[in-house]
Amino acid sequence: MKPDCDLLIIGGGINGCGIARDAAGRGLSVCLAEMNDIGSATSASSTKLFHGGLRYLEYFELRLVREALIEREVLLRAMPHISWPMRFVLPHHRSMRFDMTTPTSRLLNVVMPWMRGRRPAWLIRLGLFLYDNLGGRKILPGTSRLDLRSAPEGRGLNPKFEKAFEYSDCWVEDSRLVVLNARDAEARGARIMPRTKVTGAEVVDGLWQVTLQEGDQSRTMTARMVVNAAGPWVGDVLRGTLKSNSQSGVRLVRGSHIVTKRLFDHDKCYFFQGTDGRIIFAIPYETDFTLIGTTDMDHTDADVKPQITPEEQTYLIDFINGYLAKPISDADVVWTYSGVRPLYDDGASSASAATRDYVIKTDTSRGAPALSVFGGKITTYRRLAETALEQIAHHFDGVDKVWTAGVPLPGGDFPVDGVDALVAGLKRDFPFLTDRWALRLVRAYGTEAAQMLDGARTLADLGTDFGATLTAREVTWLMDKEYARTAQDVVWRRSKLGLRMDAADIDRLQGWMKDHAQQSNAAAAE
């Protein structure tokens with residue numbers, strides 16, 4: 001019996017969509033089922049950085065850091081619209097201390113016991129030297145020193161911080177990254193099925209027979225192999241749906257963030273080190289805001305929606321107030337979000353110490369292969385997909401050619417330094433756009449922004465105005481091409497326009513989308 005597809009992927013987060021894109025590009029027939037919106041769980045709730053993980057050097061995770069550092073520039077070239085370089089300011093004070101449980105801290109306590117957990121400047125500089133050179137950096141500038149007493153980056157900080165290091169990492173729009181991978185997978189032949197839950201799977205005559213539930217409709221599909229990329233639910237799928245005896249599992253770690261009005265008058269980020277040895281970032285966010293995070297707290301149940309606790313919010317506020325000249329309070333928080341990281345359960349003593357590396361395992365005990373993905377971080381998603389395909393290739397012929405490095409995602413076919421030129425071209429062709437609106441569209445859609453606006457001569461040609469520069473033309477694009485079905489999909493995942501829209505705006509958008517979907521379905525049925 002010929003199967004419906006070669007691979008059936010469970011999970012539409014960054015790992016599932018990255019694997020779908022890579023596999024479809026190698027000629028495999030791919031179906032992907034996501035029980036909610038594409039990229040709606042962990043992949044929408046990251047700290048939104050392509051970074052090597054400077055603090056992972058303290059855990060001697062050199063392979064993971066090196067791979068991530070190399071990937072920063074590979075990914076930057078492939079998606080210069082949704083990812084861009086940022087400079088990170090790391091203030092230093094002689095009172096700073098290590099997390100006393102890290103391998104680096106334990107080693108220093110033996111060879112330099114008089115340091116008592118302090119982070120001397122020379123040690124930070126050594127770590128940054130490794131960070132600059134482990135990945136063969138070509139685009140991003142290296143580390144430099146700052147005098148915070150005179151540099152603009154010192155304004156707004158407690159005057160006790162006089163010196164800082166400055167290094168490079170990259171920003172990424174995480175939700176858009178997932179959607180663009182899904183779109184590219186679909187363009188290469190994959191079938192993407194959002195809001196479709198896998199409710200059962202069994203092996204019949206050497207093929208996986210998988211039961212899918214979409215709304216109140218149930219159907220079955222057959223596949224030669226199942227890929228379990230269910231993120232926080234990977235263990236549930238492995239032992240429940242796939243009925244595997246594998247003991248591999250994940251450690252669910254909640255990371256919470258707060259968003260405030262803009263705290264600094266420049267576009268650089270801060271890497272702040274706490275008295276408990278942990279770190280947080282303070283990042284320019286959506287032009288007018290500052291993103292602060294993250295926490296590391298164990299989360300017991302994937303089915304419980306992650307939400308910031310009062311204790312976590314207080315922790316983040318107290319943490320950053322240790323650096324600010326003018327402290328913030330709960331009243332300054334305009335939005336929060338939390339995500340659950342499905343880390344591979346390596347038995348670490350704390351959530352912060354649990355490995356961020358990925359583990360990929362294949363199980364053939366049921367009579368047909370099933371591959372499960374544990375852990376990982378957004379920066380290494382493309383390499384994770386390549387590693388998964390290395391294992392998948394053992395079960396298929398002719399799929400061992402790697403191809404994704406440097407191949408642009410939709411809208412990303414322009415140079416890393418080409419954003420300003422795209423914005424200028426968009427404003428020239430569509431003069432009703434403001435500077436901020438044009439930049440937002442380029443940062444979201446890249447070269448496809450002009451395609452989306454094609455034919456519009458005036459603002460009225462874009463249809464209903466929902467506020468915050470969101471129009472019916474853009475919403476239609478998101479529904480037709482990017483799997484959006486609800487207002488929440490549009491204003492919190494395909495964009496962050498929810499920060500600038502009130503409840504009435506969002507309700508009006510939801511009503512319009514419902515009417516538009518009904519009209520489209522009726523037209524398709526004729």
Side-chain angles (χ1 to χ4, degrees), residues 37 39-49 81-84 86 171-179 255-270 280-295 305-308 312-313 316-317 320 328-339 423 433-445 449 462 464-475 477-478 482 484-513:
D37 181 28
S40 60
T42 301
S43 297
S45 303
S46 75
T47 311
K48 308 180 194 311
L49 298 176
H81 49 332
I82 63 167
S83 180
W84 53 89
M86 295 186 104
W171 173 265
V172 64
E173 298 285 357
D174 53 3
S175 297
R176 295 208 55 72
L177 174 65
V178 182
V179 168
S256 296
H257 304 76
I258 60 176
V259 175
T260 68
K261 290 293 185 180
R262 184 169 179 159
L263 298 179
F264 306 100
D265 59 357
H266 55 78
D267 60 359
K268 295 180 180 178
C269 310
Y270 288 94
I280 64 168
F281 296 103
I283 310 172
Y285 189 59
E286 297 292 318
T287 306
D288 300 319
F289 304 91
T290 297
L291 171 64
I292 301 166
T294 179
T295 59
K305 182 179 178 180
Q307 292 182 316
I308 192 169
E312 285 177 289
Q313 181 160 316
L316 291 174
I317 290 172
I320 197 168
I328 62 171
S329 68
D330 289 321
D332 295 297
V333 177
V334 299
W335 184 52
T336 69
Y337 69 89
S338 302
V423 171
L433 295 175
T434 63
D435 289 344
R436 179 178 285 199
W437 190 357
L439 178 60
R440 181 183 75 78
L441 293 178
V442 167
R443 281 302 188 196
Y445 306 105
L462 300 183
T464 303
D465 180 357
F466 299 104
T469 72
L470 182 67
T471 66
R473 176 73 67 91
E474 184 174 358
V475 177
W477 173 281
L478 294 173
E482 297 197 1
R485 292 293 176 268
T486 71
Q488 295 296 310
D489 299 345
V490 171
V491 304
W492 291 118
R493 285 184 285 277
R494 308 306 184 274
S495 73
K496 291 296 181 289
L497 293 175
L499 288 167
R500 295 186 170 88
M501 299 172 70
D502 60 28
D505 292 331
I506 296 173
D507 287 345
R508 187 161 59 98
L509 171 62
Q510 179 63 43
W512 187 93
M513 292 178 69

key: Criterion side-chain contact (heavy atoms from CB on, under 4.5 Å) against Phe466, the qualifying member of Asp505, Leu497, Val475   = Val475
message = Looking at His257, is its backbone amide N or carbonyl O close enough to the side chain of Thr294 to form a donor-acceptor pair, meaning the two atoms are under 3.5 Å apart?
response = no
ask   = Within the side chain of Arg485, is there an N or O that forms a donor-acceptor pair under 3.5 Å with the backbone of Asp37?
value = no
ask   = Do the side chains of Cys269 and Pro284 get nearer than 4.5 Å, heavy atoms only?
value = yes
ask   = Run the side chain to side chain contact (heavy atoms under 4.5 Å, CB included) check on Ser40 and Gln488 step by step: do they pass?
value = CA-CA 10 Å; Ser40 60; Gln488 295 296 310; over 6 Å; no
task = Please confirm whether the backbone N or O of Trp171 pairs with a side-chain atom of Ser83, one donor and one acceptor, at under 3.5 Å?
result = yes
task = Locate the shortest heavy-atom distance separating Arg262 from His266; write the atom from each residue and the value.
result = NH2-O, 3.0 Å
message = Between Arg440 and Thr469, do the side chains contain a donor N or O and an acceptor N or O under 3.5 Å apart?
response = yes
message = Give me the atom names and distance for the closest heavy-atom approach of Val423 to Ala438.
response = CG1-CB, 4.0 Å
request  = Identify the heavy atoms of Ala282 and Phe264 that sit nearest to each other, and give their distance.
outcome  = CB-CE1, 4.4 Å
request  = Starting at NZ of Lys48, measure out to CD1 of Ile283 and round the result to the nearest 0.5 Å.
outcome  = 9.5 Å
query = Could you state the interatomic distance from CD (Glu286) to CG (Leu291), rounded to the nearest 0.5 Å?
reply = 10.0 Å
message = Applying side chain to side chain contact (heavy atoms under 4.5 Å, CB included) to Phe289 and Lys496, what does each step give before you reach the verdict?
response = CA-CA 11 Å; Phe289 304 91; Lys496 291 296 181 289; over 6 Å; no
request  = Please answer whether the main-chain N or O of Ile82 pairs with a side-chain N or O of Glu173 as donor and acceptor at a distance below 3.5 Å.
outcome  = no
ask   = Where the side chain of Arg494 meets the backbone of Leu478, is there a donor-acceptor pair that is under 3.5 Å apart?
value = no
message = Give me the atom names and distance for the closest heavy-atom approach of Asp465 to Leu470.
response = OD1-O, 3.5 Å
ask   = Nearest 0.5 Å, what's the OH-OG1 distance between Tyr270 and Thr290?
value = 9.5 Å
ask   = Any idea how Tyr445 and Trp477 line up, ring-wise: parallel (<30°), tilted (30 to 60°), or perpendicular (>60°)?
value = perpendicular
note = Scanning both residues in full, the closest heavy-atom pair of Val178 with Gly39 reads CG1-CA, 3.7 Å
ask   = Within 45 degrees of the axis of the six-membered ring of Trp84 and under 6.0 Å from its centre: does Arg443 put its NZ or CZ there?
value = yes
task = Take Leu499 and Trp492 through the side chain to side chain contact (heavy atoms under 4.5 Å, CB included) test and state the conclusion after the steps.
result = CA-CA 8 Å; Leu499 288 167; Trp492 291 118; 4.0 Å; yes
query = Backbone N or O of Asp332 within a donor-acceptor pair of the Thr260 side chain at under 3.5 Å?
reply = no
ask   = Between CG of Asp489 and CD of Gln510, what distance do you get to the nearest 0.5 Å?
value = 8.5 Å
message = Donor-acceptor check, side chain of Thr336 to backbone of Ile308, threshold 3.5 angstrom: yes or no?
response = no
Shortest non-hydrogen contact between Glu312 and Gln307, atoms and distance = OE1-O, 3.9 Å
ask   = Does Ile280 reach the side chain of Ile292, with side-chain heavy atoms less than 4.5 Å apart?
value = yes
